[in-house]
Amino acid sequence: MAWGRKKSGGRREPQFGLAASLAELRLGPQDRIAVDDEAPKKPSARRKADDTDNDPPRERKPRASRASRKRKSRGRARGGLYRLFYWGAVLGLWTAIALIGVIVWVGAHLPAIQALEIPKRPPTIQITGFDGSVLATRGEMAGANVSLKDLPPYLPKAFIAIEDRRFYSHYGVDPLGIVRAAVANVLHRGVSQGGSTLTQQLAKNLFLTQERTLQRKLQEVELALWLERKHSKTEILELYLNRVYFGSGAYGVEAAAQRYFGKSAKNVTLAEAAMLAGLVKSPSRLAPNRNPEGAEKRARTVLTAMADAKFITDAQAEASIGHPSYNVKAAGAGTVNYVADWIGEVLDDLIGQVDQNIVVETSIDPKLQSVAEASVIDELAAKSVKFNVSQGALVAMTPDGAVRAMVGGRNYAESQYNRAVTAKRQPGSAFKPFVYLTAIEAGLTPETIRQDAPLDVKGWKPENYSHEYFGAVTLTQALAMSLNTVAVRLGLEVGARNVVRTAHRLGISSKLEANASISLGTSEVSLTELVGAYAPFANGGLGVAPHVVLKIRTAEGKVLYTRPADQLGQVIDPRNVAMMNAMMQETLLSGTARKAEIPGWMAAGKTGTSQDFRDAWFIGYTANLVTGVWLGNDDNSPTKKATGGGLPVEVWTRFMRSAHQGVAAAALPGAQQGGFLSNIVQAASQASAPVVNAPLPASAAGRPAPMRTSVRPEAASGLDGWLMDRLFGR
């Protein structure tokens with residue numbers, strides 16, 4: 001197809017044909033739109049192309065003047081500044097919003113504003129012995145508040161020099177200090193400096209925990225600002241010095257000075273002040289009683305800082321280096337701390353929440369406490385390896401339940417677990433007196449005959465320790481030799497539930513299973529409650545509650561609590577007490593506790609050994625003291641055949657002999673009854689002669705052999721008849 005053109009120059013019609021030239025489609029000059037030559041023209045790629053075709057050059061507009069270009073440059077600069085200002089304002093606004101949000105969030109997790117008052121100093125609990133001497137101190141062991149003006153000037157300056165050089169120039173938070181600490185930490189590739197001010201440290205000590213979290217740090221900053229607004233610098237520094245922790249349980253400069261130097265903070269020397277200031281960084285690690293070299297090294301750092309801050313001269317610093325006259329008082333690690341912990345557990349029940357300094361007067365005899373501690377520790381040191389026994393406990397109380405000594409373990413510093421109060425173990429045969437008392441109360445007597453022979457209780461076959469059987473024996477002989485089959489027979493005869501009731505009536509508070517094995521002490525009890533349950537045998541049958549707190553008063557002398565008299569009344573008939581005492585006295589004279597002897601004193605008791613020799617017990621008493629000893633292992637592992645008649649009896653005897661020195665002898669309850677008969681019983685006891693029969697001969701197995709008696713069970717009737725039978729062979 002080709003396009004043609006009319007000759008007349010009019011309308012052009014398309015011409016179809018292969019010879020049509022495409023060149024005719026190009027526009028001519030007459031087809032172009034006329035354009036004003038003076039109008040500015042924008043060069044284009046097409047124009048550039050045309051120029052290459054040697055088209056005639058067109059006239060170009062002259063370039064803008066230099067002034068015009070400067071005006072345009074300034075306009076662009078102003079626009080850039082405007083945009084920078086705009087976006088900076090937007091960023092600042094959002095930063096402010098975020099900051100306010102963080103402050104609100106952190107503040108929402110702070111205590112209520114009405115609670116943000118300076119809390120009272122935590123109370124101090126002073127525990128004194130029966131003689132008034134101080135046994136231990138509990139609580140935060142804070143010293144008295146001291147005024148800043150009463151302290152030597154170099155003492156507070158020592159803290160400022162080492163902890164917060166810009167204390168008087170910042171408002172609770174020191175940005176320069178934070179930057180300096182950050183740089184130092186980066187250079188040392190670790191935490192070598194802290195950026196907290198004294199105010200921040202005070203806020204943390206007063207209101208916050210010691211956890212290291214961002215939330216806690218932000219709360220610390222807010223509270224520091226609040227403290228600075230509420231209190232003057234002098235007040236803040238004084239609060240800080242009276243609340244900061246110095247290690248070894250000492251809070252405040254007064255308590256620390258007393259602890260480490262044996263003097264008031266008002267009288268410390270420059271070297272001592274430097275040592276106190278140095279402890280704040282790491283009180284547990286730098287305490288002089290644990291690390292004297294570290295404490296002295298830190299004190300030298302403080303003195304150098306004081307000289308650098310111009311608080312002291314270089315000569316004063318040099319003269320004080322290496323001359324701290326501290327007198328370290330060792331932190332209490334004695335076994336009396338088991339008593340202190342026990343007291344801490346019962347205070348709430350006695351006086352409620354402790355919110356002031358108090359003095360707790362106790363029944364503990366410091367001398368007996370020392371003897372008890374030595375008895376347990378020394379015996380274990382000598383024989384713990386031989387018998388594979390790692391722990392021991394001892395409780396000694398008067399017949400009215402007042403605890404005179406308590407050892408909860410061999411080393412309080414290593415283990416604070418109180419095995420005398422908290423631990424519960426199987427008492428073994430030490431539980432049998434409750435079985436025999438139940439039988440006595442059912443009408444039997446110490447001379448009642450029962451068979452020691454094999455026994456089958458629904459497939460359970462209890463055996464004696466020696467695997468021997470002695471046939472017909474009296475109840476006295478059976479208890480003295482701790483024959484298991486007789487105890488089980490008695491338990492079945494009187495009923496396990498009645499045995500449990502008897503034990504609970506005498507003072508056992510633990511849950512006891514009323515089954516056939518209860519007669520062999522298979523239910524767990526604590527040493528303290530077991531000793532307390534033996535106390536009625538020593539006091540004539542009165543129920544007691546073991547106790548150690550006699551009186552609680554404030555530091556000013558106001559009495560908050562006085563122990564009332566026990567209201568438990570008579571829990572054992574006196575006649576039954578007399579028979580039980582005579583039976584258990586035979587345990588010491590010819591039975592399993594023959595080593596337990598106190599010259600001049602009537603004593604009675606019962607040994608106990610639990611299954612697989614896991615626990616060894618001996619509970620013995622006189623009219624003066626009731627004392628129980630337990631030995632075993634915390635993990636309940638078996639010992640190497642440690643029995644109640646062995647190591648526990650040795651510990652008991654050592655303690656009781658010392659405890660009764662210089663004390664007037666007294667007979668056990670029951671010996672006062674019966675006129676001249678009681679005198680015979682008492683004389684025989686003091687002469688170390690058996691009250692019930694002659695000493696029994698030893699069997700081939702090393703156990704006392706039974707002695708045949710011609711007395712029939714019905715021959716004795718009541719206490720008087722039983723005594724006549726025993727003394728005159730009726």
Side-chain angles (χ1 to χ4, degrees), residues 333-336 338 368-396 405-420 423-430 465-466 481-482 521 526-528 530-531 587-589 591-599 603 605-621 625-661 698 701-704:
T335 56
V336 74
Y338 290 111
L368 292 185
Q369 181 68 31
S370 297
V371 174
E373 180 177 314
S375 299
V376 173
I377 294 176
D378 292 350
E379 291 295 329
L380 283 177
K383 300 178 181 179
S384 61
V385 175
K386 176 181 178 181
F387 291 101
N388 189 33
V389 175
S390 60
Q391 281 294 348
L394 182 150
V395 174
M406 173 181 285
V407 177
R410 68 188 299 179
N411 191 321
Y412 181 83
E414 292 181 358
S415 172
Q416 292 77 51
Y417 183 61
N418 193 334
R419 297 154 188 85
K424 292 188 176 184
R425 308 293 287 257
Q426 291 184 348
S429 295
Y465 171 78
S466 63
M481 293 187 293
S482 198
S526 72
L527 176 60
T528 299
L530 187 58
V531 174
T587 301
L588 275 67
L589 297 175
T592 57
R594 290 188 299 275
K595 297 179 182 179
E597 180 185 1
I598 307 174
K606 185 69 187 76
T607 59
T609 307
S610 68
Q611 294 176 338
D612 299 325
F613 303 96
R614 299 177 188 276
D615 306 275
W617 305 72
F618 179 61
I619 317 296
Y621 56 92
L625 279 178
V626 185
T627 300
V629 177
W630 167 87
L631 295 170
N633 297 309
D634 286 340
D635 60 2
N636 206 31
S637 60
T639 65
K640 293 180 180 179
K641 295 188 177 182
T643 64
L647 196 54
V649 166
E650 294 175 11
V651 174
W652 184 91
T653 302
R654 174 174 173 171
F655 170 77
M656 291 290 276
R657 286 184 177 182
S658 179
H660 286 77
Q661 288 182 356
R703 300 281 295 177

Heavy-atom pair of closest approach, residues M656 and H660: O-ND1, 2.8 Å

About how many Å separate OG1 of T643 and CG of D615, when rounded to the nearest 0.5 Å? 12.5 Å

Please evaluate residues Y338 and R419 with respect to the criterion side chain to side chain contact (heavy atoms under 4.5 Å, CB included), reporting the C-alpha separation (whole Å), side-chain torsions for both, the decisive distance (0.1 Å), and the verdict. CA-CA 9 Å; Y338 290 111; R419 297 154 188 85; 3.9 Å; yes

Residues L380 and Q391: closest non-hydrogen pair is CD1-C, 3.9 Å

Quick one: are T592 and K606 in side-chain contact, heavy atoms under 4.5 Å? yes

To the nearest 0.5 Å, atom OG of S610 lies from atom CH2 of W617 at 8.5 Å

Is there side-chain contact between V389 and K383, with heavy atoms separated by less than 4.5 Å? no

Distance (rounded to the nearest 0.5 Å) between N418 CG and L527 CG: 9.5 Å

More than 12 heavy atoms of other groups within 6.0 Å of Q611 CD: no

Flag, side chain of T639 to backbone of N388, donor-acceptor distance under 3.5 Å: no

Test item: R657 and P599 side chains (from C-beta on) under 4.5 Å apart, heavy atoms: yes

Just by modelled atom types, is the G632 backbone N or O under 3.5 Å from a matching donor or acceptor in the R614 side chain? no

I598 side chain near W652 side chain, heavy-atom distance below 4.5 Å: yes

Gap between atom OG of S384 and atom CD of E379 - 0.5 Å precision: 11.0 Å

Can you see which heavy atom on L588 is nearest to which on G605, and at what distance? CD1-N, 3.4 Å

Rounded to the nearest 0.5 Å, what separates atom CD in E650 from atom OG in S375? 11.5 Å

Taking every non-hydrogen atom, the tightest pair across G409 and T335: O-CG2, 3.7 Å

Contact between I377 and V407 at the side-chain level, heavy atoms closer than 4.5 Å - yes or no? no

Got a second to check how far Q426's CD is from K424's NZ, nearest 0.5 Å? 13.5 Å

Can you name the closest pair of heavy atoms from P638 and N633 and give their distance? O-ND2, 3.8 Å

If you apply the rule side chain to side chain contact (heavy atoms under 4.5 Å, CB included), what do you find for L394 with E373, and how did you get there? CA-CA 8 Å; L394 182 150; E373 180 177 314; over 6 Å; no

Set out, in order, the CA-CA distance, both residues' side-chain angles and the distance that settles side chain to side chain contact (heavy atoms under 4.5 Å, CB included) for D378 and R654, then state yes or no. CA-CA 10 Å; D378 292 350; R654 174 174 173 171; 2.8 Å; yes

If we ignore hydrogens and angles and just use 3.5 Å, is the side chain of T528 paired with the main-chain N or O of A420 as donor and acceptor? yes

Kindly give the heavy-atom pair with the smallest separation between L530 and P427, and that separation in Å. CD2-CB, 4.1 Å

Beyond-backbone contact of F618 with T607, side-chain heavy atoms, under 4.5 angstrom: yes

Verdict with supporting geometry, M481 and Y465, side chain to side chain contact (heavy atoms under 4.5 Å, CB included): CA-CA 10 Å; M481 293 187 293; Y465 171 78; over 6 Å; no

Side-chain contact test, heavy atoms from C-beta onward, threshold under 4.5 Å: evaluate it for L368 versus F655 and give yes or no. yes

